[in-house]
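A quick write-up on the structure given underneath.
When reading the values below, keep in mind they use all heavy atoms of this one structure, side chains included, and skip hydrogens, waters and symmetry mates.
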Amino acid sequence: MGHGGDVIEELTTDHREVDRLFEQIEAAAAGSPERKRLVDQVTMELVRHSVAEEEYLYPAVRRHLPDGDATADKEIADHGTVERLLKDLEGRDAGASDFDVLVRKLKTEVTSHVRDEETNLFPQLRRACDKEALHELGEKVRSAKKTAPTRPHPGAPDNASALKLLAPGAGLVDRARDLVTGRGKQPKGKEEG
C-alpha cells in the first residue's frame, strides 16, 4: 500500500504499516536483536504519525466536527499513553524482563486507538470535509512526517502551534541520533518484506 491521497487514506496506510510491524515483532524470536530493531521501527513510525496527526488532523477535527474539541482531546490523550509506553521501551533491550509485556500493552493501546479512528473519527471527518480539504490535509500530514521526531518525547507540548515550531528541530536531532546509532536500519543482507 502506497502513501498518498487524502488524509484518511494516508493515515490508514500508516495504520496498516504499523499492523505489519507488530506482526513481524510477534514473529521475531523473543529477546532477539531483530525484535528490538522492529520495536525501534514501530516507535519511529508511531511518533511521526502522532506528531503529524497532532499538527494537522486534530486541529481539523476541532474545526469541523460538532464535538471536535472533546474528540481531539481524547485522541491526544491516547497518544500520550502510547508515547509513555514507547519511552519505557526505548531504554530496554529485547531481553529485558518486561520488554514483551510493554510491547503487548503498546499493541493493545495502538490497536484500540486505530479502531476508534477508523470506525468513528475518519467517517465523521469524511462527512464533514470536502475532498479538497481532505487532500490538502493529506499533503500537510505527509510533509509533517518528513521532519517529525522519530523518538518519543512525552514531555513535549501537544498543541498544534507549538508542535509546528518544535517538531522539526526535535526531528532533526532524532534523525541525527538514528543515523549515528543505526537505529531503524535494516541489517545487511535483510530486505524489507
Side-chain angles (χ1 to χ4, degrees), residues 1-25 38-86 106-154 156-164 167-168 170-171 174-175 184 192:
M1 195 181 317
H3 286 274
D6 70 27
V7 67
I8 295 168
E9 293 163 349
E10 178 69 20
L11 296 174
T12 300
T13 297
D14 287 354
H15 293 167
R16 296 299 79 78
E17 288 174 355
V18 168
D19 289 344
R20 282 191 294 281
L21 284 168
F22 277 122
E23 289 171 7
Q24 292 173 3
I25 291 166
L38 289 165
V39 168
D40 286 346
Q41 188 64 43
V42 84
T43 298
M44 295 166 82
E45 296 303 321
L46 287 170
V47 170
R48 285 191 290 241
H49 177 91
S50 294
V51 166
E53 284 186 336
E54 290 175 22
E55 284 184 22
Y56 295 103
L57 178 67
Y58 300 144
V61 166
R62 289 181 193 284
R63 279 192 310 276
H64 297 289
L65 299 187
D67 198 18
D69 285 336
T71 300
D73 290 345
K74 182 224 177 276
E75 300 296 330
I76 290 168
D78 289 352
H79 283 192
T81 300
V82 167
E83 193 149 8
R84 285 185 295 279
L85 286 166
L86 292 172
L106 176 66
K107 182 180 179 192
T108 298
E109 289 293 332
V110 169
T111 301
S112 173
H113 177 76
V114 164
R115 185 175 33 250
D116 182 50
E117 279 189 342
E118 291 183 3
T119 60
N120 298 314
L121 179 63
F122 291 172
Q124 289 180 58
L125 198 60
R126 187 153 317 274
R127 287 189 299 271
C129 295
D130 63 30
K131 286 183 180 187
E132 185 177 312
L134 292 174
H135 276 277
E136 184 179 315
L137 278 172
E139 287 299 322
K140 288 178 178 179
V141 162
R142 277 185 290 284
S143 179
K145 288 190 298 184
K146 291 176 185 174
T147 60
T150 60
R151 295 171 183 261
H153 297 278
D158 59 11
N159 75 56
S161 298
L163 277 173
K164 287 176 187 172
D174 287 355
R175 284 187 301 285
E192 298 270 344

Report task. Report the C-alpha distance between Gln24 and Gln41 in whole Å, list the side-chain angles of each, state the deciding distance to 0.1 Å, and finish with yes or no for side-chain contact (heavy atoms from CB on, under 4.5 Å). Result -> CA-CA 11 Å; Gln24 292 173 3; Gln41 188 64 43; over 6 Å; no

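A pairwise comparison of heavy atoms in Lys145 and Ala52 identifies CG-CB, 3.7 Å as the closest pair. Nearest heavy-atom pair across Ala128 and His64 is CB-O, 3.7 Å. Annotation for Pro123 and Thr119: closest pair CG-O, 3.6 Å, computed over non-hydrogen atoms.
Proximity of Val82 to His113: side-chain heavy atoms (C-beta onward) are nowhere separated by under 4.5 Å. Between Val7 and Tyr56, every side-chain heavy-atom pair lies at or beyond the 4.5 Å cut-off. Side-chain contact between Asp116 and Leu121 is absent, with no heavy atoms from C-beta onward closer than 4.5 Å. Glu17 is not listed as a side-chain neighbour of His49, based on a closest heavy-atom distance of 4.5 Å or more. No side-chain heavy atom of Leu134 sits under 4.5 Å from any side-chain heavy atom of Lys131. Two residues are said to be in side-chain contact when any heavy atoms from C-beta on lie closer than 4.5 Å; Phe22 and Val110 meet this criterion. The closest side-chain heavy-atom distance from Val114 to Arg16 is below 4.5 Å.
Taking OG1 of Thr81 as the start and CG of Leu86 as the end, the distance is 11.0 Å to the nearest 0.5 Å. The CG atom of Asp69 sits 8.5 Å away from the OG1 atom of Thr71 when rounded to the nearest 0.5 Å. Taking CG from Leu85 and OG1 from Thr43, the interatomic distance works out to 10.0 Å, rounded to the nearest 0.5 Å. We find the CG-CG distance between Asp78 and Asp73 to be 11.0 Å, quoted to the nearest 0.5 Å. Note that CG of Leu46 is 9.0 Å distant from CG of Asp14, once rounded to the nearest 0.5 Å. From Leu57, atom CG reaches atom NZ of Lys140 across 12.0 Å, with rounding to the nearest 0.5 Å.
We find that Arg126 and Asp6 are joined by a salt bridge, their nearest charged nitrogen and carboxylate oxygen being less than 4.0 Å apart. Using a 4.0 Å cut-off between charged nitrogen and carboxylate oxygen, Glu45 and Arg48 count as a salt-bridge pair. A salt bridge links Glu139 with Arg142: the closest approach of a Lys/Arg side-chain nitrogen to an acidic carboxylate oxygen falls below 4.0 angstrom.
If you check the side chains of His79 and Glu75, you find no donor sitting under 3.5 Å from an acceptor.
Side chain of Ser112 to backbone of Thr108: no donor-acceptor contact under 3.5 angstrom is found.
Using cut-offs of 30° and 60° for the angle between ring planes, the His15 and Phe122 rings count as parallel.
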